[in-house]
There are 2 protein chains.
Amino acid sequence: MANIHDVARVAGVSISTVSYALSGKRPIGEKTRLRIDEAVRELDYMPNAAGRMLAGTRTRIFALTAPLRSDTYAPAHMAFVLSVVTAARKYDYDVLLLTEDEATDGLRRVSSSRLVDGIIVLDVSMNDERADLVRSLGVPAALIGVPRNAEGLVCVDLDFEAAAGLAVDRLVDAGHTSLALLGHPAAVYERGSNFPMRFRDGFLRRAAEREVAASFTMVEKEAAQVRSALAELLDADQAPTGLVVHGEEGVHKTLLDAVAGRGLSIPGDLSIIAGVPTFDTSAFTPPLNVIPLIPADSCTRAVELAVQQLDGAVAPRVELVAPRYRDHGSVAAPRPGP
Amino acid sequence: MANIHDVARVAGVSISTVSYALSGKRPIGEKTRLRIDEAVRELDYMPNAAGRMLAGTRTRIFALTAPLRSDTYAPAHMAFVLSVVTAARKYDYDVLLLTEDEATDGLRRVSSSRLVDGIIVLDVSMNDERADLVRSLGVPAALIGVPRNAEGLVCVDLDFEAAAGLAVDRLVDAGHTSLALLGHPAAVYERGSNFPMRFRDGFLRRAAEREVAASFTMVEKEAAQVRSALAELLDADQAPTGLVVHGEEGVHKTLLDAVAGRGLSIPGDLSIIAGVPTFDTSAFTPPLNVIPLIPADSCTRAVELAVQQLDGAVAPRVELVAPRYRDHGSVAAPRPGP
DNA sequence: CTGAAAGCGCTTACAG
DNA sequence: CTGAAAGCGCTTACAG
């Protein structure tokens with residue numbers, strides 16, 4: 001395999017000229033450049049990665065730590081992982097994948113051996129030991145998700161409060177005055193992640209601001225529980241006409257079944273918006289309006305912030321990504337009351 | 001950050017002694033080793049990865065190319081990716097993740113820049129351009145899955161034929177004389193992957209060998225189609241009493257619903273075995289006996305074969321991983337005939 | 001059992 | 001606009 005000396009010899013220049021020509025870090029004469037380009041092509045030269053790493057200041061590798069917790073939804077997880085890789089490649093960075101069982105040891109290892117220039121931390125939970133580790137390592141890092149203690153860290157996450165607020169706005173704008181949020185199982189609110197809480201709080205706050213009735217119900221996954229939660233809501237006085245659902249894919253499907261089972265049509269009798277799912281709600285029957293959790297949005301920004309840290313200090317921050325709304329026809333004006 | 005010279009100075013030895021002490025490649029005197037160990041601890045020394053790569057013969061990094069095709073089942077895909085990383089770590093290897101959109105370019109890049117020592121190719125399809133590329137690159141590589149042209153390549157895969165044969169054996173051993181295989185949708189057999197075919201062939205061959213009646217039906221995903229396929233089988237003369245199911249998670253669930261809907265019990269009226277799923281059939285109602293596709297089995301072996309190629313040539317091969325059988329109580333003797 | 005030294009393949013001041 | 005040379009941090013013959 002050809003090295004930089006071979007290229008220099010064939011092109012009749014010094015290796016530093018080859019290096020500069022390839023990196024573009026200093027101007028190269030027209031004819032010189034052409035000869036180098038040709039030598040590179042002729043020899044099928046590609047710079048040796050280890051040589052670059054050692055001589056340069058960058059390894060051009062990021063570590064990605066992506067735990068697969070039991071409550072992680074695999075397709076979403078995968079989408080995040082791939083989005084990080086895709087975003088990193090735009091900056092000519094490769095991504096080293098670290099798994100859960102080596103979460104902190106792996107981070108320690110790749111950063112103290114200088115294998116990586118920085119770290120992307122995926123799926124950060126409230127009490128995430130990786131957050132504290134990253135802080136103490138002092139390595140460039142961007143977290144996707146917000147730990148309880150985000151001091152000194154660069155975090156990116158969807159603006160869950162705004163997302164819930166957006167759902168409320170769309171329903172209220174359509175004329176609804178009684179809303180309900182069907183949330184995750186109770187255990188989720190007691191445990192690690194904080195985004196279900198942020199979503200719930202955003203929902204209730206915005207509903208209050210818009211001066212509409214609003215309720216919040218935690219829904220267990222079992223079909224029977226979903227059905228009874230729905231029944232309880234719809235059979236009450238002042239039954240909500242607009243629902244926001246924040247839960248797993250299965251819960252959405254069961255819910256839609258249950259709604260149909262009660263002879264209700266969407267959006268004729270009931271308007272529904274899916275809150276920050278990572279799955280596709282446009283294939284549901286009927287398709288649901290949605291405020292999706294878009295992996296590429298957070299991941300692109302996280303990679304960007306990691307790259308920026310390499311060139312200079314980036315102020316610690318929690319950066320919230322704006323939610324988006326997609327209309328699939330599941331929201332309409334409520335039926336006129338009796 | 002401390003380097004090897006710092007350690008040598010603190011320990012009062014030469015850097016070569018430090019290097020050998022750390023690598024264990026030559027015997028070191030008792031006291032010398034202790035002083036080095038202490039210096040390492042005191043300085044919190046960790047060898048620089050780029051330095052090792054450049055001076056040594058290994059980068060200790062494998063590339064993993066893991067396309068996410070539309071028909072890929074994400075949770076399984078993720079399990080394979082994580083299994084590769086976990087297996088690689090056992091050999092002190094890290095894993096660089098390459099995505100679909102950079103599949104061949106990425107492989108070319110990381111191998112000609114010598115960033116990686118070898119390549120693990122995931123989810124190989126019949127006509128996989130990555131297979132041809134890997135062959136032409138001449139880089140150590142292990143493929144998981146078998147391309148149409150496997151010449152010169154090291155491939156690992158589940159023995160799908162044996163898996164289907166095992167399912168047949170278990171049913172026949174239990175006393176069944178009429179079996180049916182419910183397979184994937186027709187499109188799957190017309191397209192890329194070859195394992196559904198191998199599973200089907202193994203099923204039919206073993207059934208013939210065991211001299212029992214056997215049928216094969218391709219089943220579309222829609223619930224109605226699953227129900228009608230089942231009805232057609234069970235309403236026939238000589239209806240099968242033992243089913244093997246090779247399909248997606250949803251199809252299994254629909255099938256179990258349909259069986260229950262017909263008032264049939266498992267395994268009382270019908271014995272069922274799930275063929276090579278990547279999901280958990282023990283949580284179904286009822287739990288299903290299963291010949292699982294175990295990511296760790298294939299991935300561990302693939303990584304092992306990749307590592308072996310670094311030390312010496314490994315003969316090209318298609319190595320089939322033996323299937324395993326897990327009993328969850330969904331197979332019993334058939335009801336005595338009328 | 002240990003050391004001095006060459007060399008891996010680059011990048012980047014320094015110099016002209 | 002270009003080159004000679006130092007140096008990044010290791011590993012590994014070579015030598016004793």
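Throughout, a chain's letter reflects where its sequence line sits, starting with A, and its residues are numbered from 1. The basis for the numbers below is simple: all heavy atoms, side chains too, and nothing from hydrogens, waters or symmetry mates.
- Expressed to the nearest 0.5 Å, how far SG of A:C155 lies from CZ of A:R317 amounts to 10.5 Å.
- DNA chain C lies under 4.0 Å from at least one heavy atom of each of the following residues of residues 26-34 of chain B: B:R26, B:P27, B:I28, B:G29, B:T32.
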Item to complete: Any chance you could list the contact pattern along nucleotides 5-12 of chain C? Use B for base contacts, S for sugar-phosphate-only contacts and - for none, protein heavy atoms under 4.0 Å, 5' to 3'.
Response: --BBBBBB
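- Pairing each heavy atom of B:L115 with each of A:M53, the nearest pair is CD2-CE, 3.7 Å.
- A salt bridge is absent between B:R41 and B:D44: the closest approach of a Lys/Arg side-chain nitrogen to an acidic carboxylate oxygen does not fall below 4.0 angstrom.
- Under a 4.0 Å N-O distance rule, the pair A:E319/A:R301 qualifies as a salt bridge.
- Under the 4.0 Å criterion applied to side-chain N and carboxylate O atoms, B:D311 and B:R58 are assigned as salt-bridge partners.
- Stem regions for DNA chain C, each three or more consecutive Watson-Crick or G-U pairs with both distances under 3.5 Å and listed by first number, read C:1-3 with D:14-16, C:5-12 with D:5-12, C:14-16 with D:1-3.
- Remark: B:R89 CZ is packed, more than 12 non-hydrogen atoms of other residues, nucleotides or ligands lying under 6.0 Å away.
- Note that the CD1 atom of A:I61 and the CD1 atom of B:I61 stand 4.5 Å from one another [nearest 0.5 Å].
- Separation of atoms CG (B:L96) and OG1 (B:T65) is listed at 11.0 Å; rounding is to 0.5 Å.
- A distance of 13.0 Å separates CZ in B:R130 from CG in B:L137, rounded to the nearest 0.5 Å.
- The closest side-chain heavy-atom distance from A:S113 to B:P47 is not below 4.5 Å.
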